Enquirer: 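Quick one: the structure is below, questions incoming.
Counting starts at 1 for both ligands and their atoms, following the listed order. Not measured: the values here are computed from a predicted model.
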Amino acid sequence: MAQAERNAVNGENSIQINRRGFLGTTGLAALGAIVGISGSTADIPAAYAQAAPAAAPPKGPQYLKFPGKNEKLVLLGDKPLVAETPESLLDDDTTPTEKFFIRNNGQLPEETKNPDAWKITIDGEVNNKIEITLGELKSKYKAVTRRIVLECGGNGRGAFSPPARGNQWTNGGIGCAEWTGVPLADVLKSAGLKPSAKYTAHYAADLHLSGDATKPSISRGVRIEKAMDPNTLIVWAMNGQPLPNIHGGPVRLLVPGWPGSASQKWLTRINIREKEHDGPGMTEFSYRVAIKPMIPGDKGDPANFRILESMPVRSVITNPANGAKFAAGTKELKLRGASWAGDLTVKQIDISTDFGASWQRASLDKPKNKYDWQRWTASVKLASDGYFEIWTRATDSKGAMQPHQAGFWNPQGYGGNAMHRIAVLVG
Ligand SMILES: Nc1nc2c(c(=O)[nH]1)N[C@H]1C(S)=C(S)[C@@H](COP(=O)(O)O)O[C@H]1N2
Ligand SMILES: [Mo]
């Protein structure tokens with residue numbers, strides 16, 4: 001892939017804001033990898049935070065200004081437009097559309113005037129090429145509605161040391177909405193997959209950041225088994241409303257549990273290939289992790305990389321918010337949070353109020369359906385007034401637990417699922 005394309009896919013043309021603050025402070029501590037900023041009363045001191053030397057001078061957070069979007073979404077870049085959801089805004093059981101994160105690689109297309117006339121083509125290794133309008137898709141196939149997590153492949157990237165290339169997500173490149181659409185498998189079955197069908201290649205209507213109409217802004221794909229999973233959907237509604245343009249309306253893919261980049265917005269075409277797809281976002285270090293662990297900060301050898309598929313286990317504290325203050329004498333805190341684990345489920349959430357010296361089990365809900373997130377609650381006792389940190393760590397159904405630090409460094413910072421920490425002040 002050409003450097004310019006790679007930059008666009010990685011969001012490197014965007015302004016980079018490294019960390020975000022809380023309590024209205026403006027100075028972000030260079031070292032505050034997960035939640036840290038400087039100068040506030042309830043803050044994570046540099047010594048406790050991950051040792052992430054500053055690449056750029058500290059900057060204050062910038063907030064997204066976009067019609068229909070919550071003004072507390074944090075702007076990570078404006079060309080292309082990228083914004084994340086602070087953990088405390090993920091407190092609803094179903095993420096409202098106004099709080100849902102935004103990730104674009106190219107230019108935002110103009111909103112279509114006639115959604116039902118939107119055309120999708122299925123071609124390549126199929127017996128019958130399909131050209132179907134959204135209107136026909138709605139009437140010819142049986143629709144389903146499911147609550148499903150969509151998570152950016154780079155979620156957690158901001159915790160890598162040294163910093164990895166791309167948008168510096170904290171934990172907010174994720175949301176869990178109700179999506180309505182049809183299983184992609186049903187459409188692929190009517191096209192009839194040839195035995196040679198191995199991989200999908202997704203195409204869309206958004207222009208490349210450069211404006212070059214011959215280049216896709218991003219074009220990823222998945223193994224045919226994932227495309228045929230009944231949970232992989234072509235969706236046209238989000239939280240009961242027509243899919244908004246900013247989220248890929250009138251119609252997008254939703255490939256649950258895998259990097260969000262596979263969930264092509266403004267979907268126009270799925271080409272079925274006889275081999276792994278090689279579009280922008282598929283090659284070299286894009287959405288890939290090292291096979292043999294590499295030295296942090298090294299250049300990396302593309303031959304040592306594999307495609308990232310299922311996303312790693314993660315949990316966030318959604319209430320209280322980082323930096324919350326409580327009255328003197330408060331002895332107990334009620335906590336709420338969310339957790340998810342790519343293709344797996346979460347089997348356990350542990351909470352610590354003493355920097356990981358001891359842990360207590362949270363109460364964990366079951367997912368509503370496969371690929372839903374799991375909400376959790378806990379109540380913790382505090383022995384005195386003062387500064388506390390609350391840490392959360394999730395364990396997935398195969399026993400993998402969130403690490404203390406973002407590990408297995410890779411040039412574009414995937415798979416960083418360090419524990420979430422908030423600071424609170426009592427009295
Ligand atoms: N056409 C198109 N689809 C796309 C993208 C894009 O830039 N263009 N970005 C992808 C990435 S990287 C992510 S994480 C999700 C984000 O979806 P959202 O903006 O609705 O939250 O969309 C994916 N689909
Ligand atoms: Mo993404």
Side-chain angles (χ1 to χ4, degrees), residues 5-14 64 66 68-70 73-77 79-85 89-90 95-109 112 118 120 148-157 164-169 172-177 179 181 200-210 215-222 233-239 241 243-270 279-282 286-288 308 311 412-416:
E5 265 172 49
R6 203 156 55 226
N7 288 349
V9 169
N10 302 334
E12 283 180 84
N13 294 342
S14 58
L64 175 74
F66 195 87
K69 284 292 180 180
N70 191 290
L73 293 190
V74 175
L75 187 71
L76 297 181
K79 270 193 181 92
L81 188 65
V82 181
E84 78 169 328
T85 312
L89 255 64
L90 294 172
T95 311
T97 304
E98 56 129 6
K99 296 178 184 171
F100 209 93
F101 82 98
I102 297 169
R103 167 61 162 131
N104 296 302
N105 290 269
Q107 300 182 21
L108 202 62
T112 175
W118 187 274
I120 299 171
I148 290 176
V149 167
L150 179 68
E151 182 176 22
C152 182
N155 202 19
R157 180 181 292 138
R165 282 202 296 270
N167 297 291
Q168 297 297 303
W169 300 101
I174 186 259
C176 188
W179 308 94
T200 61
H202 313 153
Y203 295 93
D206 53 331
L207 268 186
H208 188 268
L209 212 53
S210 65
K215 282 198 242 165
S217 74
I218 186 168
S219 174
R220 301 204 61 235
V222 294
L233 306 176
I234 305 180
V235 301
W236 58 77
M238 180 180 187
N239 294 329
Q241 297 297 317
L243 185 65
N245 185 54
I246 187 72
H247 292 298
V251 62
R252 76 178 299 166
L253 275 176
L254 199 69
V255 182
W258 288 24
S261 50
S263 295
Q264 196 85 25
K265 308 200 272 189
W266 310 291
L267 181 70
T268 53
R269 176 181 172 218
I270 301 176
M282 288 303 293
S286 293
Y287 304 100
R288 285 173 182 252
L308 172 63
M311 291 291 289
Q412 292 182 201
Y414 301 110

Enquirer: Taking C-beta and beyond as the side chain, do Asn104 and Asp206 meet within less than 4.5 Å on heavy atoms?
Expert: no
Enquirer: Is there a side-chain contact between Thr200 and Leu253 (heavy atoms, below 4.5 Å)?
Expert: no
Enquirer: Kindly give the heavy-atom pair with the smallest separation between Ser261 and Arg220, and that separation in Å.
Expert: OG-NH1, 2.7 Å
Enquirer: Write down, by chain and number, every protein residue that brings a non-hydrogen atom to less than 4.0 Å from an atom of ligand 1.
Expert: Phe100, Phe101, Ile102, Arg103, Asn104, Asn105, Leu150, Cys152, Ala204, Asp206, Ser217, Ile218, His247, Arg252, Gly260, Ser261, Ser263, Gln264, Lys265, Trp266, Tyr287
Enquirer: Could you tell me if the side chain of Leu243 sits less than 4.5 Å from the side chain of Trp266, heavy atoms only?
Expert: no
Enquirer: Between Trp118 (side chain) and Leu267 (backbone), is there a donor-acceptor pair under 3.5 Å?
Expert: yes
Enquirer: With a 4.5 Å cut-off on side-chain heavy atoms, are Trp258 and Met311 touching?
Expert: no
